[in-house]
Amino acid sequence: MTPEIDAYFEVVKSEHGADSLARVEEMLEPRRRSEQRHPLQQAAKWVLPGIPQVPWHDPYAYPELLPLVNALEAESAQIKSEHELAWAQRRASFSDYEHYLVRQNNWQALYLYRDGALVPDSAAVAPTAYRMLKEHAVDTGVICPLLESHFSTLLPGAVIKPHCDLWNFSINLHLAIDIPEGAAIRVAGETRPWEEGKTLLFDYSFEHEAWNKGATARTCLLADLWHPDTTLPERSALTMLMTEIQKMMAA
């Protein structure tokens, strides 16, 4: 670690207790790199110890996340209507999705939250989704500032190949917006369909893939949220740690 990271960790521990970052520090120990993981979690770069090795989660099981889940599902019809209008009339607001592994032009995104902040321009394009996200994820601190929230649109024939995302301390929420027949997602070997107006929640440090074999586009609203089993001091330290690592990698 760098002196800046060490200093920040000491501040967090002084405020929350000497053991408050024990799991984060354990994650950083070289021996952790070679320890046994779940077979379908091997490619994740960072695995915080003590997070249950559970690929699929019940989106209604976590009180911290429930206000967001309920709000998105309650407003799903309006969110879908606004997205359809934007897709038809404001296509310039969409872009190729830039996954850390690949960029695909048949995977389109409309970003609502990115680079640690809401995307102001999206407020006029998708006002209901923007408001729900602000009130129930950003203002409440459940969104992971290291990542994003966006409308994810897979064009007909698009395939997202099996992969693990970077870490297990955030979790991915999907609100199904427009789901043609032939679209599905597989996480840790278990395939589930999306149901329009409903949410799915999964740990994307496990190998996952998705496809759209339908005749029309598949759209979900995605939000990267803190894993409910992380603590507030851990979230603070992980945000600083990963931000510094990203800066060093970009240098």
Side-chain angles (χ1 to χ4, degrees), residues 57-95 97-100 107-153 165-167 169-179 194-204 219-240 242-243 246:
H57 291 254
D58 178 357
Y60 311 105
Y62 301 105
E64 183 182 24
L65 305 184
L66 195 55
L68 174 63
V69 170
N70 287 340
L72 290 177
E73 292 189 349
E75 296 290 346
S76 62
Q78 183 64 25
I79 291 171
K80 179 178 180 177
S81 177
E82 291 170 1
H83 178 271
E84 288 176 343
L85 184 64
W87 185 253
Q89 298 183 5
R90 305 185 72 161
R91 189 66 67 86
S93 299
F94 295 78
S95 60
Y97 180 60
E98 300 178 37
H99 191 271
Y100 83 99
W107 183 0
Q108 294 289 292
L110 171 61
Y111 291 93
L112 303 180
Y113 181 94
R114 200 177 190 189
D115 298 327
L118 288 160
V119 179
D121 290 349
S122 66
V125 182
T128 302
Y130 183 96
R131 179 167 53 87
M132 294 298 97
L133 190 71
K134 180 182 185 302
E135 292 179 2
H136 301 291
V138 179
D139 291 350
T140 60
V142 300
I143 199 162
C144 180
L146 295 163
L147 296 170
E148 60 203 25
S149 175
H150 64 280
F151 285 96
S152 171
T153 298
D165 281 334
L166 290 169
W167 52 63
F169 46 79
S170 62
I171 197 166
N172 201 219
L173 181 72
H174 286 204
L175 172 68
I177 301 296
D178 198 349
I179 311 298
W194 292 278
E195 181 182 350
E196 287 190 15
K198 298 296 183 181
T199 52
L200 290 176
L201 185 67
F202 66 96
D203 180 342
Y204 45 14
T219 297
C220 294
L221 175 60
L222 276 55
D224 293 305
L225 311 175
W226 285 113
H227 196 293
D229 288 316
T230 56
T231 66
L232 291 178
E234 287 173 340
R235 294 175 187 183
S236 177
L238 288 165
T239 299
M240 193 277 182
M242 292 303 160
T243 300
Q246 289 166 357

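Ile143 contributes atom CD1, which lies 8.5 Å from atom CG of Leu68 (distance to the nearest 0.5 angstrom). The CD atom of Gln246 sits 8.0 Å away from the CG atom of Leu166 when rounded to the nearest 0.5 Å. Atom CZ of Arg114 and atom NE2 of His150 lie 9.5 Å apart (nearest 0.5 Å). Considering CE of Met242 and CG of Leu147, their distance stands at 10.5 Å, rounded to 0.5 Å. Rounding to the nearest 0.5 angstrom, the gap separating the OG atom in Ser93 from the NE2 atom in His83 is 10.5 Å. Atom-to-atom distance recorded for Met132:CE and Leu221:CG is 11.5 Å, nearest 0.5 angstrom.
In terms of heavy atoms, Ile171 sits closest to Trp226 at CG2-O, 3.8 Å. Considering all non-hydrogen atoms of both residues, Ala126 and Leu112 come closest at CB-CD2, 4.1 Å. The two residues Pro228 and Leu65 come nearest to each other via the heavy atoms CG-CD1, 3.8 Å. In terms of heavy-atom proximity, Pro59 sits nearest to Leu66 at O-CD1, 4.4 Å. Scanning all heavy atoms of the two residues, the minimum distance from Phe151 to Ile177 falls at CE2-CG1, 4.3 Å. Residues Tyr113 and Val119 come closest through the heavy atom pair N-CG2, 3.9 Å.
Using a 4.5 Å heavy-atom threshold, the side chains of Glu75 and Gln78 count as touching. Residues Leu146 and Trp167 are in side-chain contact: their nearest non-hydrogen atoms beyond the backbone lie under 4.5 Å apart. Looking at heavy atoms from C-beta onward, Ile179 lies in side-chain contact with Cys220 at the 4.5 angstrom threshold. In this structure the side chain of Leu222 never reaches within 4.5 angstrom of the side chain of Leu173, judged on heavy atoms.
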- [ ] Could you please spell out the steps behind the side-chain contact (heavy atoms from CB on, under 4.5 Å) verdict for Leu201 and Asp58?
- [x] CA-CA 6 Å; Leu201 185 67; Asp58 178 357; over 6 Å; no
- [ ] For side-chain hydrogen bond (donor to acceptor under 3.5 Å, both in side chains), just list the numbers for Glu196 and Ser76, CA-CA rounded to whole Å, side-chain angles, deciding distance to a tenth of an Å, and then say yes or no.
- [x] CA-CA 8 Å; Glu196 287 190 15; Ser76 62; over 6 Å; no
Open item on the list: What verdict does the side-chain hydrogen bond (donor to acceptor under 3.5 Å, both in side chains) test give for Glu82 and Tyr130, after you've listed the backbone C-alpha separation in whole Å, the side-chain angles of each residue and the deciding distance to 0.1 Å?
Closed with: CA-CA 11 Å; Glu82 291 170 1; Tyr130 183 96; over 6 Å; no
Task: Verdict with supporting geometry, Tyr111 and Asp121, side-chain hydrogen bond (donor to acceptor under 3.5 Å, both in side chains) - done: CA-CA 9 Å; Tyr111 291 93; Asp121 290 349; over 6 Å; no
- [ ] Might you work through the side-chain hydrogen bond (donor to acceptor under 3.5 Å, both in side chains) test for Ser152 and Trp107, ending with a clear yes or no?
- [x] CA-CA 7 Å; Ser152 171; Trp107 183 0; 2.9 Å; yes
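Panel note: side chain Thr140, backbone His136; a donor-acceptor pair is recorded below 3.5 Å. Put simply, the side chain of His174 never gets that close to the backbone of Ala176: no donor and acceptor are under 3.5 Å apart. Of the possible polar contacts, none joining the Ser170 side chain to the Asp224 backbone as a donor-acceptor pair under 3.5 Å is found. Within the 3.5 Å criterion, the main-chain N or O of Glu234 finds a donor-acceptor partner in the side chain of Thr231. Between the Thr239 side chain and the Arg235 main chain, a donor and an acceptor come within less than 3.5 Å of each other.
Ring planes of His57 and His227: perpendicular class, angle over 60° (limits at 30 and 60°).
Remark: Arg90 fails to qualify as a cation-pi partner of Trp87 under the 6.0 Å distance and 45° angle criteria applied to the six-membered ring.
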